[in-house]
There are 2 protein chains.
Amino acid sequence: MRISLAKEDLWRQFNEFTNEMIITKNGRNLFPCLEFKVEDLSPFEFYTFTLQIDRIDSNRHKFQGGEWSSNGPGEPCGPSRVVWHPSGVKSGADWMKRDVCFDRIKLTNNVGVTDPNHIVLHSMHKYAPTLSVYQYSTCDPNFEGLATPVFQRTFGSAAFVAVTAYQNNNVKNLKVEKNKYARGFRNERKRSSSSPETPENSAKMMPQNPEEALQMQQPWCTFPYPPSVIPGYNYPYYGYGC
Amino acid sequence: MRISLAKEDLWRQFNEFTNEMIITKNGRNLFPCLEFKVEDLSPFEFYTFTLQIDRIDSNRHKFQGGEWSSNGPGEPCGPSRVVWHPSGVKSGADWMKRDVCFDRIKLTNNVGVTDPNHIVLHSMHKYAPTLSVYQYSTCDPNFEGLATPVFQRTFGSAAFVAVTAYQNNNVKNLKVEKNKYARGFRNERKRSSSSPETPENSAKMMPQNPEEALQMQQPWCTFPYPPSVIPGYNYPYYGYGC
DNA sequence: AACCTTACCACCTATGTGCGAAAT
DNA sequence: AGATTTCGCACATAGGTGGTAAGG
């Protein structure tokens with residue numbers, strides 16, 4: 001089983017500035033989208049994919065003088081919400097047909113939300129996504145018990161600070177440049193998005209060396225909930241609305 | 001198991017004029033949407049839903065002098081394309097949570113289409129949708145053999161003539177009035193959509209009496225393909241695209 | 001001619017962006 | 001006083017309508 005973050009080059013560009021993700025009351029998409037390239041599953045075994053977004057340190061952070069630094073102790077970590085991939089239980093052959101994409105996930109700071117695709121985060125705290133893969137030799141719904149993932153990894157190259165407004169103009173410019181929905185802001189000024197505004201605000205969170213980066217792919221605290229395929233219990237509702 | 005057509009009142013209004021559905025090369029939505037109210041399934045049994053659109057007579061039709069009449073023999077009937085509901089195999093409890101809606105189906109006259117949600121119809125021929133329900137006591141993928149539906153009904157109140165342009169202004173006006181995407185055409189003229197333009201072009205296809213209508217809910221010719229839950233074979237691809 | 005089909009169009013709905021003033 | 005959050009906004013993408021003129 002080989003699983004890697006898709007659009008890794010784009011993620012790396014954001015990560016070099018320390019990535020930021022907007023959180024709003026009604027929920028905001030991640031950009032880039034969380035998407036994974038999946039290879040070498042067993043074609044006739046069955047799998048489910050879940051994603052959670054874990055805190056990667058214990059601090060609150062601030063952006064000052066062009067760089068991120070600690071701003072005292074952070075909020076306590078609660079359990080991370082586990083989001084099932086909407087496709088539910090599928091064969092390995094089916095999963096490998098295309099990248100596994102969690103593009104319905106939205107980030108929010110509204111603790112009251114009920115939408116299972118919304119993930120509540122604390123602003124000015126650091127996070128990274130964790131992908132878990134569970135395997136079943138059948139999709140028999142009578143399956144009981146708690147599964148242990150056959151694969152689990154936290155992707156440090158997709159780490160970010162949750163914010164309610166962009167702090168680093170380099171990150172903002174790169175979002176405007178790469179996200180098609182922000183096209184309306186591209187030619188407002190002669191943008192210098194590829195050249196950092198201040199030289200010192202790059203590469204604060206992740207080491208440039210990919211080998212070192214791999215060492216960092218561990219969340220600071222996690223409370224994973226193993227998925228169950230018992231219908232109605234923690235079952236993914238990504239309905240096909242009507 | 002009780003299954004009925006949702007939005008029946010709206011369907012009835014169209015049916016009184018003889019309903020029409022536009023077909024295009026790239027595929028056109030049905031309006032109203034095919035949607036079914038489902039009650040009294042066994043909560044812990046598993047079900048799949050399929051829909052097909054069957055010819056309900058053997059003729060070609062024409063709209064002349066404000067009414068539909070036969071226009072000679074119709075095209076030969078091929079097998080109706082069976083469209084799985086995108087939710088695949090779900091428990092009765094899950095299915096009953098909301099109406100079962102086939103809103104991704106599109107109608108086309110392009111025989112070369114590959115999209116599994118596109119249904120190819122002949123213009124100027126009459127059709128009605130048939131819903132089939134299959135039941136499984138498990139969603140074990142090793143299940144083999146051809147299933148017999150536990151429920152199957154052709155809904156005559158949702159019958160229509162496939163057309164490339166609306167023939168009956170009463171139908172067109174009702175579509176404009178009821179479909180939110182046609183709002184731009186509502187105030188072009190003082191519309192009289194509720195009052196038929198010609199008195200004689202109503203109620204040609206379905207009897208007004210609900211009891212008689214029930215007798216008509218049989219397709220003229222069908223070639224249903226029972227669904228299989230073997231992955232990869234005729235498996236619904238309503239992906240969660242990315 | 002008469003009938004039917006096609007391609008492009010204006011006008012909708014719905015939703016994803018960052019902006020910037022105002023509120024907290 | 002300063003940092004952070006909220007809200008309405010203009011401007012994008014994406015896609016669903018029937019109209020209309022031209023084509024078959």
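We name chains A, B, ... by the order of the sequence lines, and we start the count at 1 in each one.
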Subject >> Proximity to the side chain of A:N71 - top-ranked nucleotide from D:dT4, C:dT6, C:dC4 >> reply: D:dT4

**OP:** Ignoring the backbone of A:Y181, work out which of C:dT13, D:dA14, D:dG19 is nearest its side chain.
**Re:** D:dA14

Original post:
Of A:N179 and B:Q167, whose closest DNA chain C nucleotide lies nearer the 5' terminus?
Top reply: B:Q167

Subject >> B:R183 CZ - C:dT13 C1' separation (whole Å) >> reply: 8 Å

Original post:
Out of C:dT6, D:dT5, C:dG16, which has the shortest distance to the side chain of B:T164?
Top reply: C:dT6

Original post:
Do the ring centers of B:F63 and B:W68 come within less than 6.0 Å of each other?
Top reply: yes

Original post:
Which listed nucleotide (D:dT5, C:dC19, D:dG18) is nearest to the side chain of B:K172?
Top reply: D:dG18

Original post:
B:N110 versus B:V120: any side-chain heavy-atom pair under 4.5 Å?
Top reply: no

Original post:
In terms of the nearest nucleotide of DNA chain D, which residue is placed more toward the 5' end: A:N109 or B:L30?
Top reply: A:N109

Subject >> Residue A:K106, side-chain atoms from C-beta onward, closest of C:dG16, D:dT17, C:dA7 >> reply: C:dG16

Original post:
Reckon A:K178 touches a base, only the sugar-phosphate, or nothing at all at heavy-atom distances under 4.0 Å?
Top reply: nothing

Original post:
Atom CD of A:E20 and atom P of C:dG18: how far apart are they, to the nearest Å?
Top reply: 11 Å

Original post:
Does any nucleotide pair with C:dT15 by Watson-Crick or G-U wobble geometry, both distances under 3.5 Å, and what is it?
Top reply: D:dA12

**OP:** Please say which of A:F155, A:W11, A:W95 ends up in a ring-ring contact (aromatic ring centres under 6.0 Å, His included) with A:F36.
**Re:** A:F155

**OP:** Just compare C:dT17, D:dT13, D:dG18 and give me whichever is closest to any side-chain atom of A:K180.
**Re:** D:dT13

Original post:
If you round to the nearest 0.5 Å, how far is CG of A:L131 from CD of A:E35?
Top reply: 12.0 Å

Subject >> Below 4.0 Å: OP1/OP2 of D:dT4 and any side-chain N or O of A:K62 >> reply: no

**OP:** Take atom CZ of A:R186 and atom C1' of D:dA10, then tell me their distance rounded to the nearest Å.
**Re:** 16 Å

**OP:** Using a heavy-atom cut-off of under 4.0 Å over every strand shown, decide if A:T24 touches base, sugar-phosphate, or nothing.
**Re:** nothing

**OP:** Answer yes or no: is there a donor N or O on one side and an acceptor on the other, between the side chain of A:R186 and the main chain of A:E177, under 3.5 Å?
**Re:** yes

Original post:
In whole angstroms, how far is the P atom of C:dC3 from the CE atom of B:M124?
Top reply: 10 Å

**OP:** For A:K175 and C:dG16, give me the distance from atom NZ to atom P, rounded to whole Å.
**Re:** 15 Å

Subject >> Closest nucleotide among C:dC12, C:dT17, C:dC3 to the B:Q64 side chain >> reply: C:dC3

Original post:
Whole Å only: how far is the CZ atom of A:F63 from the C1' atom of D:dT5?
Top reply: 18 Å

